[in-house]
Novice: 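First the structure, which I've put down as structure tokens, then a few questions once you've had a look.
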Amino acid sequence: MIDFIKRFKFSYEFYNFFQKRRLSHNLEQYKKYGINKRFYSSVSSADLDHLVAESNLHDKLNSRDELPKKAEFKNLDSITQSQLLSWSENGYAILPNFIAEQKVDEINAEVNRLIDSGTVKWRYGNKIMFALKHSKLLMSIGLDKKLNGILDLLMAKEVELFQSINFKTASEQRTHSDSIHMSTFPNGNIIAVWIALEDITEKNGALHYYPRSHKLPYVMNKDFKNNDSRFLLGNKTYSDYEDKIAEVVKKSGLKKEIFTAKKGDLFIWHANLLHGGEPLLDKNSTRKSMVFHYYAKDAVCYHEITQRPTLKTKFRQTDLPNRTR
Ligand SMILES: O=C(O)CCC(=O)C(=O)O
């Protein structure tokens, strides 16, 4: 019964009606693309697929040719440069030892404090969503100038921090693309940063990914027959989506890679890079990590399955104490 009620678009629209400040970012984009929607309206790829938009620069151009022209790129160390150069081919970049060990210890202590004080709650089993809203330290990592400069370079435009997710144990998430959760029009206007908050091996549920899968077609509602009607969301489940992705992966012949990370390493992935979490083999072990997702500023932002426009909170450098900026 609850599942059926959750399918009513109207209930989301009613909630959204009172969230104008956090939803109005889409209005400018609706105008630009001639989309006839209110700030509170449901929105999904079915409303947008027929529209024509310029390809994103970062998808059209090759990072190997473009990045060396940028002054910001020239200031980066050679390991970072070589990772960023292969972005267009691979759909990911690995930045070893990006966050100092002591800073990672501070982050872990902060996450424990937030959990112990009841400030944050577990969602979807083993995730802490948006902890950055309660911690200047976590927010300062997501807003880190060097990191944001790298993301802007990869996206060839400005991005803005949307959310954080913290894990203390393995996610064991099946393979997926972030674009089903944080969808954009045009496609490809999000980017994710994953941070190892301890050494991660194949035993404690490492991150896995499929190099070059970002070039596969985006899998959206219609691709797993999650068809909606005027008033109701489609009746397929998230595992139907995951089954579809498993089928896509099999057909693609792409090879899975596992990221056995060291504490402080960073993994950046493209909006459509297929990734997930390996099974937890050592049941007593932790797998501490933190993910930040960023939207490009100039896209329609929404969530495909629930067809909700994205509720945004602005996270700014000026919200941080001077010493962490
Ligand atoms: O950390 C993981 O194992 C997966 C995280 C993930 O898939 C995500 O945040 O999109």
Novice: I'd like to know if the side chain of Asn112 pairs up with that of Lys168 as donor and acceptor (distance under 3.5 Å, no hydrogens or angles considered).
Specialist: yes
Novice: Would you say the side chain of Ile180 lies within less than 4.5 Å of the side chain of Phe224, judging by non-hydrogen atoms?
Specialist: yes
Novice: Please check if atom CD in Gln81 has more than 12 non-hydrogen atoms from other residues, nucleotides or ligands closer than 6.0 Å.
Specialist: yes
Novice: To check you understand the geometry: which heavy-atom pair defines the closest contact between Ala196 and Ala261, and what is its length?
Specialist: CB-CB, 3.6 Å
Novice: Hey, is the main chain of Lys6 close enough, under 3.5 Å, to the side chain of Tyr12 for a donor-acceptor pair?
Specialist: yes
Novice: Going by atom types alone, do Asn189 and Asn56 pair a side-chain donor with an acceptor below 3.5 Å?
Specialist: yes
Novice: Is the side chain of Ser63 donor-acceptor paired with the backbone N or O of Ser88 at a distance under 3.5 Å, no angle test?
Specialist: yes
Novice: Tell me whether Lys203 at atom NZ has more than 12 heavy atoms from other residues, nucleotides or ligands lying less than 6.0 Å away.
Specialist: no
Novice: Is there a donor-acceptor contact under 3.5 Å from the side chain of Ser117 to the main chain of Leu114?
Specialist: yes
Novice: Keeping the roles fixed (side chain from Asn227, backbone from Gly234), state whether a donor-acceptor pair exists under 3.5 Å.
Specialist: no
Novice: When you measure from the side chain of Gln173 to the backbone N and O of Gly277, does any donor-acceptor pair fall under 3.5 Å?
Specialist: no
Novice: Determine, step by step, whether Asp178 and His275 satisfy the side chain to side chain donor-acceptor pair (under 3.5 Å) criterion, reporting the C-alpha distance in whole Å, the side-chain angles of both residues, the deciding distance to 0.1 Å, and the verdict.
Specialist: CA-CA 9 Å; Asp178 283 348; His275 65 277; 3.3 Å; yes
Novice: Using the rule that two of Ile, Leu, Val, Met, Phe, Trp, Tyr join whenever any of their side-chain heavy atoms come within less than 4.5 Å, decide whether Leu311 and Phe14 are in one cluster.
Specialist: yes
Novice: Can you establish whether the number of heavy atoms outside Glu89 located under 6.0 Å from its atom CD is more than 12?
Specialist: yes
Novice: Give a yes or no on whether the ring-centroid distance for Phe267 and Tyr209 is below 6.0 angstrom.
Specialist: yes
Novice: For the NZ atom on Lys262, are there more than 12 heavy atoms of other groups (residues, nucleotides or ligands in this structure) within a distance under 6.0 Å?
Specialist: no
Novice: What pair of heavy atoms forms the shortest contact from Leu274 to Ser177, and how long is it?
Specialist: CD2-CB, 3.7 Å
Novice: Scan side-chain atoms only and decide if Asp59 and His270 contain a donor-acceptor pair under the 3.5 Å cut-off.
Specialist: yes
Novice: In the structure I gave you, are the side-chain heavy atoms of Leu232 and Lys9 within less than 4.5 Å of one another anywhere?
Specialist: no
Novice: Run the salt bridge (Lys or Arg N to Asp or Glu O under 4.0 Å) test on Lys314 and Asp319 for me, step by step, so that the C-alpha distance in whole Å, both residues' side-chain angles and the decisive distance to 0.1 Å come before the verdict.
Specialist: CA-CA 9 Å; Lys314 281 221 179 298; Asp319 296 332; over 6 Å; no
Novice: Quick check on side chain to side chain donor-acceptor pair (under 3.5 Å): which of His25, Glu160, Glu158 does Lys297 satisfy it with?
Specialist: Glu158
Novice: For a side chain to side chain contact (heavy atoms under 4.5 Å, CB included) check, start with the C-alpha distance between Trp194 and Leu266, then their side-chain angles and the critical distance, and finish with the verdict.
Specialist: CA-CA 6 Å; Trp194 184 98; Leu266 232 76; over 6 Å; no
Novice: Does any N or O in the side chain of Ser239 come within less than 3.5 Å of the main-chain N or O of Glu242, such that one atom is a donor and the other an acceptor?
Specialist: no
Novice: Is there a side chain to side chain contact (heavy atoms under 4.5 Å, CB included) between Val248 and Lys251 once you walk through the steps?
Specialist: CA-CA 5 Å; Val248 168; Lys251 258 197 206 147; 5.9 Å; no
Novice: Before giving the answer on salt bridge (Lys or Arg N to Asp or Glu O under 4.0 Å), spell out for Lys250 and Glu247 the whole-Å C-alpha distance, their side-chain angles and the decisive distance to 0.1 Å.
Specialist: CA-CA 5 Å; Lys250 199 164 169 203; Glu247 193 186 305; over 6 Å; no
Novice: Same cluster or not: are Ile190 and Tyr33 linked, directly or through other Ile, Leu, Val, Met, Phe, Trp or Tyr residues, by side-chain heavy atoms under 4.5 angstrom apart?
Specialist: no
Novice: So, do Leu84 and Leu154 sit near enough that their side-chain heavy atoms are less than 4.5 Å apart?
Specialist: yes
Novice: For Leu161 and Phe315, which heavy atoms make the closest approach, and how far apart are they?
Specialist: O-CD1, 3.5 Å
Novice: Is there a donor-acceptor contact under 3.5 Å from the side chain of Arg123 to the main chain of Met129?
Specialist: no
Novice: So does Gly205 get a backbone contact from the side chain of Glu172, meaning a donor-acceptor N/O pair under 3.5 Å?
Specialist: no
Novice: Show, in sequence, the C-alpha distance, side-chain angles and deciding distance for Arg174 and Asp243, and conclude whether the salt bridge (Lys or Arg N to Asp or Glu O under 4.0 Å) test is met.
Specialist: CA-CA 9 Å; Arg174 288 177 69 193; Asp243 291 346; 2.9 Å; yes
Novice: Does the ring centre of Phe130 sit less than 6.0 Å away from the ring centre of Phe162?
Specialist: yes
Novice: Looking only at the side chains, is there a donor atom on one of Tyr295 and Thr310 sitting less than 3.5 Å from an acceptor on the other?
Specialist: yes
Novice: Looking at Asp240 and Thr237, would you say the former's side chain and the latter's main chain have a donor-acceptor pair under 3.5 Å?
Specialist: yes
Novice: For a quick test of reading the model, state the closest non-hydrogen atom pair linking Pro211 to Tyr92 and the distance between them.
Specialist: CB-CE2, 3.8 Å
Novice: Atom NZ of residue position Lys70 - does it have more than 12 heavy atoms of other residues, nucleotides or ligands inside 6.0 Å?
Specialist: no
Novice: To the nearest 0.5 Å, how far apart are CD in Glu278 and OG in Ser171?
Specialist: 9.5 Å
Novice: Answer yes or no: are there more than 12 heavy-atom neighbours, outside Lys225 itself, under 6.0 Å from its atom NZ?
Specialist: no
Novice: Keeping Asp265 on the side-chain end and Asn97 on the backbone end, is there a donor-acceptor pair under 3.5 Å?
Specialist: yes
Novice: Side chains of Val291 and Phe167, heavy atoms from C-beta outward: is any pair under 4.5 Å?
Specialist: yes
Novice: So Val249 and Leu254, do their side chains get closer than 4.5 Å, heavy atoms only?
Specialist: no
Novice: Can a side-chain donor-acceptor contact be found between Ser179 and Glu304 if the only test is distance below 3.5 angstrom?
Specialist: no
Novice: List the atom of Ile35, the atom of Leu51, and the distance in Å for their closest heavy-atom pair.
Specialist: CG1-CD1, 3.5 Å
Novice: Cluster question for you: counting only ILVMFWY and a side-chain heavy-atom cut-off of under 4.5 Å, with indirect links fine, are Leu27 and Phe17 together?
Specialist: yes
Novice: Does one hydrophobic cluster hold both Met290 and Leu137, with members joined at side-chain heavy-atom distances below 4.5 Å?
Specialist: yes
Novice: Determine, step by step, whether His181 and Tyr241 satisfy the side chain to side chain donor-acceptor pair (under 3.5 Å) criterion, reporting the C-alpha distance in whole Å, the side-chain angles of both residues, the deciding distance to 0.1 Å, and the verdict.
Specialist: CA-CA 11 Å; His181 298 292; Tyr241 165 78; over 6 Å; no
Novice: Please determine whether the number of non-hydrogen atoms from other residues, nucleotides or ligands lying under 6.0 Å from atom OH of Tyr238 exceeds 12.
Specialist: yes
Novice: Are there more than 12 heavy atoms of other residues, nucleotides or ligands under 6.0 Å from atom CG of Asn36?
Specialist: no
Novice: Any link between Leu132 and Tyr124 through a network of hydrophobic side chains (Ile, Leu, Val, Met, Phe, Trp, Tyr) touching at under 4.5 Å?
Specialist: yes
Novice: May I have the step-by-step check of side chain to side chain contact (heavy atoms under 4.5 Å, CB included) for Phe292 and Leu151, ending in yes or no?
Specialist: CA-CA 11 Å; Phe292 290 109; Leu151 301 178; over 6 Å; no
Novice: Are the charged groups of Asp223 and Lys244 less than 4.0 angstrom apart, N to O?
Specialist: no
Novice: State which residue, out of Lys222, Arg230, Lys37, fulfils the salt bridge (Lys or Arg N to Asp or Glu O under 4.0 Å) condition with Asp47.
Specialist: Lys37
Novice: Please report the C-alpha distance between Ser86 and Arg64 in whole Å, then the side-chain angles of each, then the deciding distance to 0.1 Å, and finally whether the side chain to side chain contact (heavy atoms under 4.5 Å, CB included) criterion is met.
Specialist: CA-CA 6 Å; Ser86 60; Arg64 205 167 284 289; 3.6 Å; yes
Novice: Considering all heavy atoms of both residues, which atom of Glu54 and which atom of Pro186 are nearest to each other, and what is their separation?
Specialist: O-CG, 4.3 Å
Novice: Flag the pair Val43 / Tyr30 as yes when at least one side-chain heavy-atom distance between them is below 4.5 Å, and no otherwise.
Specialist: yes
